[in-house]
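Structure record follows, encoded as structure tokens.
Every heavy atom of this structure was used, including side-chain atoms; hydrogens, water molecules and symmetry mates were not. The chains referred to below are lettered A, B, ... by the order of the sequence lines, with proteins before strands, and numbering in each begins at 1.
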Protein chains: 2
Amino acid sequence: MEVTVQLPEVDTARMCHARQILDRVGDKWSIAVIHALGADTLRFTELKRTIHGISQRMLTATLRTLERDGLVRRTVHPVVPPRVDYELTELGMTLLGIVCSLMGWAVEHGDAIDEARAAYDARPAGSPTG
Amino acid sequence: MEVTVQLPEVDTARMCHARQILDRVGDKWSIAVIHALGADTLRFTELKRTIHGISQRMLTATLRTLERDGLVRRTVHPVVPPRVDYELTELGMTLLGIVCSLMGWAVEHGDAIDEARAAYDARPAGSPTG
DNA sequence: CGGGATCCGACAAGATACTG
DNA sequence: CAGTATCTTGTCGGATCCCG
């Protein structure tokens, strides 16, 4: 197989941009929130139930960050039982597309990675790479 | 209310896969290493010089993880001055493609995010979202 | 040159309790 | 219901020393 990646001019500056969004979506819960909101508009509690493992502290923090980055829109309804809706913005939806690409890659090559790990883990001590 | 979700059937299981690779490339240096090796095969010291900010501890740890996941191949040359070469595997190159997609998104929408942040930061205290 | 081991600081993140 | 504040812990990551 030959390399068809051919990154055009991906210098340090561009890679820095990649780190930017990875800092944004690379944390433990952003992806989960984006994915959950990609399906539908949800309330705080609904999000908490959907994502399961998340604490209300991290959910709040994650939502705040995503809102600040313009990826999630927060709507407060001034009703007697407080109600706050969260939904993806258009920008957030484009990011969701990227996330789906990520998922596609993970599903496609996740098996290979698993095998590689097993093989690496099975190596005695020093691998005769040369 | 109806769901206008465009993603086909992205359930929790798939999202979990996305988290897997984000755990892998989401750390501080993996992207930088993958990007550096995407251009050419490099030695340890060369990698250290290319990535600049990285310490040898993190470079070693990052390389080890990437090697274990089958993304990077490590070649030891038994010569008098020790020489170790690192290069991307075919699997690593496909991941580089994903990374490039990420970079593309970052470059394309990074400006919008910046504006959103500025707007969010300029808000008084409670935004009349509803 | 390449890398392992250890110590230590900084921050992310979980659990809990409290508020409006 | 939708958060906020505090405490504690776990992990990441840098600095340093040492080895082959």
TODO: Report the distance from atom CG of B:Leu42 to atom OG1 of B:Thr50, rounding to the nearest 0.5 Å.
DONE: 5.0 Å
- [ ] Apply the side-chain contact (heavy atoms from CB on, under 4.5 Å) test between B:Arg74 and each candidate in B:Val84, B:Asp85, B:Leu66; give the one that qualifies.
- [x] B:Val84
Task: Sub-4.0 Å heavy-atom contacts from residues 78-89 of chain B onto DNA chain C, ordered by number - done: B:Pro82, B:Val84, B:Tyr86
TODO: Report the distance from atom CG of B:Leu47 to atom P of C:dG3, rounded to the nearest whole Å.
DONE: 10 Å
Task: Whichever of A:Leu63 and B:Met58 has its nearest DNA chain D nucleotide further upstream toward 5' - done: A:Leu63
Task: Heavy-atom side-chain contact between B:Asp69 and A:Arg117 under 4.5 Å - done: yes
Task: Spacing of A:Gln56 atom CD relative to C:dA12 atom P, expressed in whole Å - done: 17 Å
Task: Interatomic distance, A:Leu91 atom CG to A:Thr94 atom OG1 [nearest 0.5 angstrom] - done: 4.5 Å
TODO: Find the distance B:Asp27:CG to C:dC11:C1' and express it as a whole number of Å.
DONE: 16 Å
Task: Exam field: side chain B:Ser101 to backbone B:Gly97, donor-acceptor pair closer than 3.5 Å - done: yes
- [ ] Anything under 4.0 Å to a heavy atom of chain B counts; send over the first and last such nucleotide of DNA chain D, read 5' to 3'.
- [x] D:dG13 to D:dG20
Tell me which donor-acceptor pairs under 3.5 Å the side chains of residues 56-63 of chain B have, and how far apart each pair is, sequence neighbours excluded?
| unit_1 | atom_1 | unit_2 | atom_2 | d |
| --- | --- | --- | --- | --- |
| B:Thr60 | OG1 | B:Gln56 | O | 2.7 |
| B:Thr62 | OG1 | B:Met58 | O | 2.7 |

Open item on the list: Any heavy-atom pair between the side chains of A:Leu37 and A:Leu47 that's under 4.5 Å?
Closed with: yes
Open item on the list: Below the 4.0 Å mark, does C:dA17 have OP1 or OP2 next to a side-chain nitrogen or oxygen of A:Arg57?
Closed with: no
Task: Protein-nucleotide distance (A:His52, atom NE2; C:dG14, atom P), rounded to Å - done: 15 Å
Open item on the list: Whether the side chain of B:His109 engages the backbone of B:Ala106 through a donor-acceptor N/O pair (distance < 3.5 Å, no angle test) should be reported.
Closed with: no
